[in-house]
Amino acid sequence: MASEDRWEWDSTPWLDACLRAQAEFLALATGLPVAEPIAVNDLSAAALFKGLAYYGLYGDVVDRAEIQDIEGHLDGHLRLAKTLKEKAPSRCDDRVVSKIITVADGRRSIERKSGLIEPLALAILGGISEGRIRNLMSGTSAEIRSVDGKIPAPEAERWLQGRAAFWPSIWSEDPLLEEDNEMTAVRVPQASDGTVFHPGLRRRSGYMIGEKGQEFTIENYDAALRALSEMEVPRWRRPNSQGNWGIVKASGWTVLSRRDLNNIKD
């Protein structure tokens, strides 16, 4: 799976289609005009699916410092996502939300070391195609052991340990923990004006990265840097000369020591 595909998990077209289908049904049933469409980006469901996609792909939780029971939070969001999908109009294309639920569910099973993982979830977590996973599950000398077409969680975890594309779950770790060797060389994205993505860009809840409409907040600098490296075009928020925070995109990469990065103030 190409790295940029990880950022094409937008649930808002599905949400918009569901709302329009509901509005059309109500108009037919009541004889009243179709209501103005709701701004789907403002829906709590949009944030729900965005958060689950981020968790499924990167093993972290948005704004986790503000959540007391993260496991309960994850399980509750997964249940709600499944209910939304189940109750949605059947004519709406739910492939994106199904994929989000599948990979998030798969990661939860791996964390619990129990249950069966869908081949699609393991493919996404391991950074290869679903067809390749199914090939690895086939034959008498299969590389991945399966049960009824799915992969036991311990087996999935074993296989993922050898995959560079896999992001182990980090939501239970200290969100503020950073590498402490000041002389370590760090490769960072650089904007066209010469500014870089650095630790001083952390806002109250973390670092805001990603293109407009698909932004994530990541609390840990190193985790945010890893996520930026996965993007086809890294984008992050930083203040301009007037102090207003806007999105800037990378024009290239540069290497700085961690000490130099920590000394950047704006």
Side-chain angles (χ1 to χ4, degrees), residues 1-14 48-62 71 74-75 77-86 88 90 92-173 210 214 216 218 223 226-234:
M1 181 179 64
S3 60
E4 59 266 27
D5 292 343
R6 292 188 171 217
W7 297 90
E8 295 174 355
W9 290 34
D10 186 3
S11 67
T12 55
W14 174 76
L48 168 78
F49 284 107
K50 183 183 289 186
L52 282 176
Y54 175 56
Y55 160 72
L57 292 171
Y58 299 107
D60 201 0
V61 175
V62 176
E71 291 201 69
L74 288 170
D75 293 340
H77 277 207
L78 265 170
R79 283 194 299 270
L80 178 55
K82 292 174 182 178
T83 300
L84 285 168
K85 177 179 175 291
E86 178 187 342
S90 58
C92 300
D93 186 349
D94 63 5
R95 284 176 292 180
V96 170
V97 295
S98 294
K99 184 168 64 171
I100 290 172
I101 292 169
T102 296
V103 71
D105 224 5
R107 184 177 286 276
R108 282 301 282 148
S109 294
I110 290 170
E111 290 172 350
R112 291 174 170 143
K113 303 183 186 300
S114 66
L116 296 174
I117 312 299
E118 293 284 350
L120 175 61
L122 190 60
I124 292 168
L125 291 170
I128 65 175
S129 70
E130 183 180 359
R132 176 64 177 149
I133 285 290
R134 292 189 180 278
N135 287 339
L136 294 174
M137 295 165 57
S138 303
T140 56
S141 58
E143 183 178 324
I144 300 174
R145 183 174 62 86
S146 61
V147 176
D148 297 329
K150 299 181 181 180
I151 305 96
E155 176 70 359
E157 183 179 32
R158 177 199 65 77
W159 181 79
L160 287 169
Q161 288 175 352
R163 300 296 305 174
F166 176 57
W167 294 59
S169 295
I170 61 170
W171 56 261
S172 61
E173 299 176 3
Q214 296 187 26
F216 285 110
I218 302 182
R226 287 195 299 270
L228 285 169
S229 71
E230 287 277 321
M231 298 181 191
E232 182 178 17
V233 180

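Each residue takes its place number in the sequence, starting with 1.
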Side chains of [X] and [Y]: closer than 4.5 Å at any heavy-atom pair?
X: L74; Y: W171; result: yes
X: L57; Y: W167; result: no
X: E71; Y: R108; result: yes
X: Y58; Y: R226; result: no
X: R79; Y: K82; result: no
X: Y54; Y: D60; result: yes
X: L136; Y: W159; result: yes
X: V96; Y: W14; result: no

What closest approach, in Å, do [X] and [Y] show between heavy atoms, and which atom pair accounts for it?
X: P152; Y: S146; answer: CD-CA, 4.2 Å
X: V103; Y: G56; answer: CG2-O, 4.0 Å
X: G51; Y: V62; answer: CA-CG2, 4.4 Å
X: I218; Y: A227; answer: CD1-CB, 3.7 Å
X: A153; Y: S109; answer: CB-O, 3.4 Å
X: M137; Y: K150; answer: CE-N, 4.3 Å

Worksheet item: Mind checking whether W9 and F49 have ring centres under 6.0 Å apart?
Response: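 No - the distance between ring centres of W9 and F49 does not fall below the 6.0 Å cut-off.
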
Report task. Test E130 against R134 for salt bridge (Lys or Arg N to Asp or Glu O under 4.0 Å), laying out the working first. Result -> CA-CA 6 Å; E130 183 180 359; R134 292 189 180 278; 3.0 Å; yes

Let me confirm one number: the [atom1]-[atom2] distance from [X] to [Y], rounded to the nearest 0.5 Å.
X: D75; Y: L80; atom1: CG; atom2: CG; result: 12.5 Å
X: K85; Y: S11; atom1: NZ; atom2: OG; result: 13.5 Å
X: R112; Y: E157; atom1: CZ; atom2: CD; result: 14.0 Å
X: R107; Y: T102; atom1: CZ; atom2: OG1; result: 14.0 Å
X: L116; Y: L122; atom1: CG; atom2: CG; result: 12.0 Å
X: L125; Y: I117; atom1: CG; atom2: CD1; result: 8.0 Å

Please determine if [X] and [Y] form a salt bridge, counting it only when a charged side-chain N lies under 4.0 Å from a carboxylate O.
X: K50; Y: D10; answer: no
X: D93; Y: R95; answer: yes
X: D94; Y: K99; answer: no

* Regarding E111 and S169, is there a side-chain donor-to-acceptor distance under 3.5 Å anywhere? ->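 Side chains of E111 and S169: pair found under 3.5 Å.
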
Between S129 (side chain only) and R132 (backbone N and O only), is there a donor and an acceptor less than 3.5 Å apart?
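Side chain of S129 to backbone of R132, a donor-acceptor pair under 3.5 Å: yes, one is there.
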
| query | Out of I100, L78, L52, which one pairs with D105 under the side-chain contact (heavy atoms from CB on, under 4.5 Å) rule? | reply |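 It is L78; the other options fail the test.
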
